[in-house]
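Here, residue 1 is the first one in the sequence, and each next residue gets the next number. Hydrogens, waters and symmetry mates are skipped; everything else that's a heavy atom, side chains included, is used. Everything quoted here is computed from the prediction, not taken from an experiment.
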Amino acid sequence: MNSTQGPLRRAGGKVITILSIDGGGVRGIIPAVILSALEAQLQRIDGPNARIADYFDVIAGTNTGSIVTALLTTPYTPPNPPSYASKTDPPSLASQTNAPPNASKANRPREAKEIPGFYKKHGPSIFRRDKAPVHTSNSDDWWSALVGFLKKQLQDTLDFLLSVRYDNSKLQLKVDEELGKIQLADTLTNVLIPAYDVEHLKLVTFSSHQDKNKVPKSSVLLRDAVLGSAAAPISFRCHHFEADGKIYNLVDGGMGANNPTLLAIREAINIFGNRGDNRFLIISLGTGAEGEHHDFVDLDGPVRWILDLKRGTPPLASVLFETSADMVDTYTSIFLGGSQNSRHRFLRIQDYTLKPEQLTMDNATDENFKNLTNIANRLLDKPVSFPSSWFGLEPTTTNRGALGRFARDLSRIRVDSAKRLSRR
């Protein structure tokens, strides 16, 4: 990959920076490790307080990508903050000429290197199959106890029929511990999270930019957008909530956009306009080539039967899902102007060599997390695979090398943006 200095140095317009993160359950640890490497590069350039959210105008994430997105873009107080945290920024960030134009100076987001720990710490409890205890009563309120018991049996039966594997409350608990009552409109940069509404049969995109500009201000909580996008059929039940006078019944955003890059581009155009002199710099992170794809939902009847494709994925469905994911990358490259321009402005990091046993979305064992971490580290040292290979071009660097070059551009774009703001 050549240096990106040339194409992004043109006068006028704005360089719009986008980060997109695919869905994939526990495989979200792969983009988390890659983002740790990117942030380490940024910290070498701009100092230890640099954070991913400082450098991207839009961050979009689907399913597990929505969790990573939320953790990257919300205020966080570390258990043992560095000594400068309550005083001033470290010397490398003391000059406000390099201050991020779209991030809070008071409330900093967590470091990307902490996110793999979220998966390792909470994954085993989120993806543990156990039955909730049945509470009995020795009081005279035997009728309430009986009703409660029957409700529990009915829910267990429905879960069995719909093949729901895990209790949503475990995921909700861990997400709430991290996000609390933070509203979608209050993220530290523009965030986009897709989910699929099974009641209205349409893709829903939760936009922090749109919510921030609503009058009155939107009441959508970030945790509800995340829980809706992460409610993968088969694994979890539909996530229900009400906000802004609407009732949402949501499942996995990957039903419509497992790779949300194109949605992020549309969001950026909505925010910054469709000026001809605007340019884009896009990093898109996959979670491994899909071997077992999104579960099929039959929405024709009054009862929505969710089928587990692991019991026999139709080959045609597998091909269609794989083709859909690849086409997002192709359309993105075409949007950016074709092979040569996209090499300068678009970095897609995806591993297309995972074995079937590595593609599971719910294997939260220590051994699997170790394997996924190793896969991510090896991926960093592999040659750039897209868009170079797609257009028959020889890759000229590794993914790690490409991240370093993109990091230098992101830092420069950040400085330029701050200078433009200071002149206003």
Side-chain angles (χ1 to χ4, degrees), residues 20-25 28 53 58-76 107 109-110 115 118-119 122-123 125-127 164 166-258 260 263-264 267 294 297 304 306:
S20 174
I21 309 168
D22 288 13
V58 177
I59 301 180
T62 299
N63 187 275
T64 194
S66 73
I67 295 176
V68 176
T69 296
L71 296 179
L72 288 172
T73 59
T74 50
Y76 173 69
N107 299 315
R110 73 198 69 228
I115 297 178
F118 173 88
Y119 286 89
H122 300 308
S125 62
I126 291 172
F127 293 103
V164 175
Y166 306 108
D167 184 355
N168 295 51
S169 64
K170 299 172 187 176
L171 176 61
Q172 291 174 6
L173 176 64
K174 301 309 176 185
V175 169
D176 285 342
E177 287 177 358
E178 299 294 334
L179 303 182
K181 297 296 183 182
I182 296 174
Q183 292 186 322
L184 177 65
D186 293 331
T187 53
L188 301 178
T189 190
N190 298 302
V191 162
L192 187 77
I193 296 174
Y196 192 83
D197 192 315
V198 295
E199 185 68 25
H200 298 96
L201 308 185
K202 67 176 183 179
L203 187 70
V204 177
T205 54
F206 291 95
S207 161
S208 63
H209 173 75
Q210 292 180 22
D211 279 16
K212 192 174 299 184
N213 289 283
K214 285 182 178 178
V215 180
K217 183 179 177 181
S218 171
S219 62
V220 173
L221 297 178
L222 180 59
R223 55 92 67 183
D224 283 318
V226 168
L227 290 171
S229 186
I234 303 303
S235 292
F236 300 107
R237 290 190 296 274
C238 176
H239 180 63
H240 307 269
F241 71 96
E242 183 175 357
D244 300 341
K246 298 179 181 178
I247 297 176
Y248 295 93
N249 302 278
L250 304 178
V251 296
D252 187 355
M255 297 289 289
N258 198 56
L263 293 179
E267 178 72 357
H294 290 287
V297 184
R304 294 174 170 85
I306 304 177

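Taking CG from Leu171 and NE2 from His239, the interatomic distance works out to 9.5 Å, rounded to the nearest 0.5 Å. Going from atom CG of Asp197 over to atom SG of Cys238 covers 7.5 Å, rounded to the nearest 0.5 Å. Note: Leu227 CG to Leu221 CG = 10.0 Å, rounded to the nearest 0.5 Å. We find the CG-OG1 distance between Asn63 and Thr69 to be 11.0 Å, quoted to the nearest 0.5 Å. The distance from the CG atom of Leu222 to the OG1 atom of Thr187 is 7.0 Å, given to the nearest 0.5 Å. Ile59 contributes atom CD1, which lies 9.5 Å from atom OG of Ser208 (distance to the nearest 0.5 angstrom).
His122 pairs by the ring-ring contact (aromatic ring centres under 6.0 Å, His included) definition with Phe118, not counting sequence neighbours. Residues meeting the side-chain contact (heavy atoms from CB on, under 4.5 Å) test with Lys246, sequence neighbours left out: Tyr248. A search for side-chain hydrogen bond (donor to acceptor under 3.5 Å, both in side chains) contacts involving Glu178 returns Arg110, not counting sequence neighbours. The side-chain contact (heavy atoms from CB on, under 4.5 Å) search around Lys217 returns Gln183, Ala185, Asp186, not counting sequence neighbours. In terms of the side-chain contact (heavy atoms from CB on, under 4.5 Å) criterion, residue partners of Thr64 (sequence neighbours excluded) are, by chain and number, Tyr119, Thr287. With sequence neighbours excluded, the residues that form a side-chain contact (heavy atoms from CB on, under 4.5 Å) with Asp244 are Lys214, Ser218, Ser219, Val220. Take Ser20 and apply the side-chain hydrogen bond (donor to acceptor under 3.5 Å, both in side chains) test, not counting sequence neighbours, and it matches Thr261. Looking at residues two or more places apart in sequence or on another chain, you find no side-chain hydrogen bond (donor to acceptor under 3.5 Å, both in side chains) involving Thr74. Ser207 meets the side-chain hydrogen bond (donor to acceptor under 3.5 Å, both in side chains) test with Glu267; sequence neighbours excluded.
A pairwise comparison of heavy atoms in Ala53 and Pro109 identifies CB-CG, 4.2 Å as the closest pair. In terms of heavy-atom proximity, Val226 sits nearest to Ala70 at CG2-CB, 3.8 Å.
Tested against Leu263, the residues Val58, Leu203, Thr62, Ile193 include a single side-chain contact (heavy atoms from CB on, under 4.5 Å) partner, Leu203. When each of Glu177, Lys181, Gln172 is checked for a side-chain contact (heavy atoms from CB on, under 4.5 Å) with Arg223, only Gln172 meets the rule. Of the residues Ile126, Asp167, Val251, Asp252, the one that meets the side-chain contact (heavy atoms from CB on, under 4.5 Å) test with Phe236 is Ile126.
Asp211 contributes no side-chain N or O that, together with a main-chain N or O of Phe206, makes up a donor-acceptor pair within less than 3.5 Å. Ser229 places a side-chain N or O within 3.5 Å of a backbone atom of Pro194 that can act as its donor or acceptor partner. Using a distance-only test at 3.5 Å, with no hydrogens or angles considered, no donor-acceptor pair links the side chain of Tyr196 to the main chain of Leu250.
Two residues are said to be in side-chain contact when any heavy atoms from C-beta on lie closer than 4.5 Å; Ile182 and Pro75 meet this criterion.
Shown here is Ile247, whose CD1 atom has no more than 12 heavy atoms of other residues, nucleotides or ligands within 6.0 Å.
Among residues at least two apart or in separate chains, there is no salt bridge (charged side-chain N to carboxylate O under 4.0 Å, His left out) pair with a member in residues 66-76. Contacts classified as salt bridge (charged side-chain N to carboxylate O under 4.0 Å, His left out) and involving residues 225-234 (residues at least two apart or in different chains) are not found.
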